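These notes concern the structure reproduced below.
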Number of protein chains: 2
Amino acid sequence: MKEAPNKCDCEKCDVREMFYKNVEAQYIEIVCNTKIEKAFKKGDMIIEEGKPIESFIYLKSGLVKLFKQGEDVKGQIIIIAKPFDFVNLLSVFSDTNYNYSVTALEDSVTCHLDLDHIKNMIRTNGEFALSIMKKISKVSDTIILESLTIRKKNIHGRVAYILLFFANQIYEDSYFELPLNRREIAEFIGKTTENVIRTLSEFRRDGLIKIFGKSIEIIDKEKLQQVSDFG
Amino acid sequence: MKEAPNKCDCEKCDVREMFYKNVEAQYIEIVCNTKIEKAFKKGDMIIEEGKPIESFIYLKSGLVKLFKQGEDVKGQIIIIAKPFDFVNLLSVFSDTNYNYSVTALEDSVTCHLDLDHIKNMIRTNGEFALSIMKKISKVSDTIILESLTIRKKNIHGRVAYILLFFANQIYEDSYFELPLNRREIAEFIGKTTENVIRTLSEFRRDGLIKIFGKSIEIIDKEKLQQVSDFG
DNA sequence: TTAAAATTATGATATTTATCATACTATGAC
DNA sequence: GTCATAGTATGATAAATATCATAATTTTAA
């Protein structure tokens, strides 16, 4: 990780709209002046479980995973987040320390805003408060409903689901490079590594996908969708 | 369900503290005057999936379950909520319609505040906004972390966990009446009804609990805790 | 009160998934 | 390049869980 040159280029910032739409100029300036932008390499730790929550972080570019490092060996991936999904929405307002860790699955850039400034903005600007709330509510909802969706599927359904998730939600392409290794996929869907590998092999044998190491090509999207829906 | 006599008795309301601590008198009055209190009998539907979200609801007394009615037969219980846990925190600020249903597990009383008034209070009162946010964040966090906790346990661990959940969190007593039938427990922990029943029988045979229909007495709490932790 | 329906219970069996063992393959360090 | 290490892959087996069948018990409705 390295800190990028920290010019206040909010004009070009993708998430400016959401944050600054309703905020008065003088507050924008305060936030801008204290904003820190950080660049992370693939694999870098962005947030570590247990550490104090000091800033309001959002993802500017890249891809990250949120996970529990758990006492047990097995980690558990909570969610894969892409830009526009805030990184640390879960506990920012309710806890002093992180309940989970975040690492970069791809080279990523994050924006760090001082949490106290954000809280002040919420205190002084109701519209801003409401839009943050809307976002928090949405992200939590998504995590909860996605977890219920995955939970009721068997392993075939879960693997199919996650392949379609990457194809449709993340890369918008039938051909993509998996940002997770097989063990991490297992940690995301709550099954063992071996069975994830086996299931991928079966999908390949059945002509649903092609596998080139970490690269996946979805051949029969319709059938894969069926496996996801009814599996 | 019947509407209770609707006097503005906020002075005696358990959750007044949280809501009104930071709110100016004139707003309290507006909310009070439009507040509706509703009484539900055990089994009554409080919120129905798909219906529009019109009010900000919190639970004054009783016990409720939030669940997906799902296309498939099997429902899935998201959370059991007791007073002080808001009922409809999940989607209130991010959606127009409910993503889940809520029914009363015990006779319950809910307070319904006009959602637009709440939003206005958020707009005009930053401290109030922050305390609502803190609560939302906390509830979402709890749901997510609890679901991860349950997910990594086998059926013995899950059943032990839920028994201890009722004993410690809900009833604060080793002897309690289960508010869920065996099928609903299964829906909560994501296992089949038969296996929940079987596991309860095993716990009884092993002397961990006593079972009298829906009533449970926890005999060996320590051992049950071990089963929950390591199962 | 009685019949019907739902719930609880248990056994037998099938299916799914995890675990263990063993290669093979790719990757990074030296 | 070579070695060590992590990741991928597959088979054999064990363990966990689901499914199916059936019966007893409790609850509900007429």
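Since we're looking at a predicted model, the values are computed, not measured.
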Report summary line: Ranking D/dT10, D/dT17, C/dT16 by distance to the side chain of B/Lys191, first place goes to D/dT17

Query - Contact nearer the 5' end of DNA chain D, comparing B/Ile155 with A/Lys214 - result: A/Lys214

Report summary line: Atom CD1 of A/Ile209 and atom C1' of D/dT8 are separated, to the nearest Å, by 13 Å

Query raised in the report: Within the modelled atom types, does a donor on one side and an acceptor on the other bring the side chain of A/Asn195 and the base of C/dA18 under 3.5 Å apart?
Result: yes

Query raised in the report: When you measure from the side chain of B/Ile197, which nucleotide among D/dT10, D/dT8, C/dT10 comes out closest?
Result: C/dT10

Query raised in the report: What's the CD1-C1' distance between A/Ile211 and D/dT8, to the nearest Å?
Result: 10 Å

Query raised in the report: Given atom CZ of A/Arg198 and atom P of C/dC20, what is their separation to the nearest angstrom?
Result: 13 Å

Query raised in the report: Is the closest basic N to carboxylate O distance between B/Glu187 and B/Arg183 below 4.0 Å?
Result: yes

Query - A/Glu37/A/Lys35 ion pair, N-O < 4.0 Å - result: yes

Requested in this report: Give a yes or no on whether a salt bridge exists between B/Glu202 and B/Arg205, defined as a side-chain N under 4.0 angstrom from a carboxylate O.
Outcome: no

Query raised in the report: Looking at C/dT17, D/dT10, C/dG11, which one has an atom nearest to any side-chain atom of A/Asn154?
Result: C/dT17

Query raised in the report: Between C/dT10 and B/Ser201, is there an OP1 or OP2 to side-chain N/O distance shorter than 4.0 Å?
Result: yes

Report task. For A/Asp114 and A/Ser55, test the side chains for any donor-to-acceptor distance below 3.5 angstrom and give the result as yes or no. Result -> no

Query - salt bridge (charged side-chain N to carboxylate O under 4.0 Å, His left out) involving B/Asp173 - partner list, sequence neighbours excluded - result: none

Query raised in the report: What is the distance, rounded to the nearest whole Å, between atom CG of A/Leu200 and atom C1' of C/dT17?
Result: 16 Å

Query raised in the report: B/Arg204 side chain N/O closer than 4.0 Å to the phosphate oxygens (OP1, OP2) of C/dT10?
Result: yes

Report summary line: The residue among A/Asn195, A/Ile162, A/Thr199 that forms side chain to side chain contact (heavy atoms under 4.5 Å, CB included) with A/Ile189 is A/Ile162

Query raised in the report: Between A/Lys153 (NZ) and C/dT17 (C1'), how many Å, whole number?
Result: 18 Å

Report task. Measure from NE2 on B/His156 to C1' on D/dA15 and round the result to the nearest Å. Result -> 12 Å

Query raised in the report: With distance as the sole criterion, is a donor-acceptor pair present between the side chains of A/Gln69 and A/Ser101 under 3.5 Å?
Result: yes

Query raised in the report: In whole angstrom, what separates B/Arg205's CZ from C/dT8's C1'?
Result: 14 Å

**Report entry** Residue-level proximity of residues 177-185 of chain A to DNA chain C when a heavy atom falls under 4.0 Å
**Finding:** none

Report summary line: Rounded to whole Å, the CZ-C1' distance (B/Phe212 to C/dA9) equals 17 Å

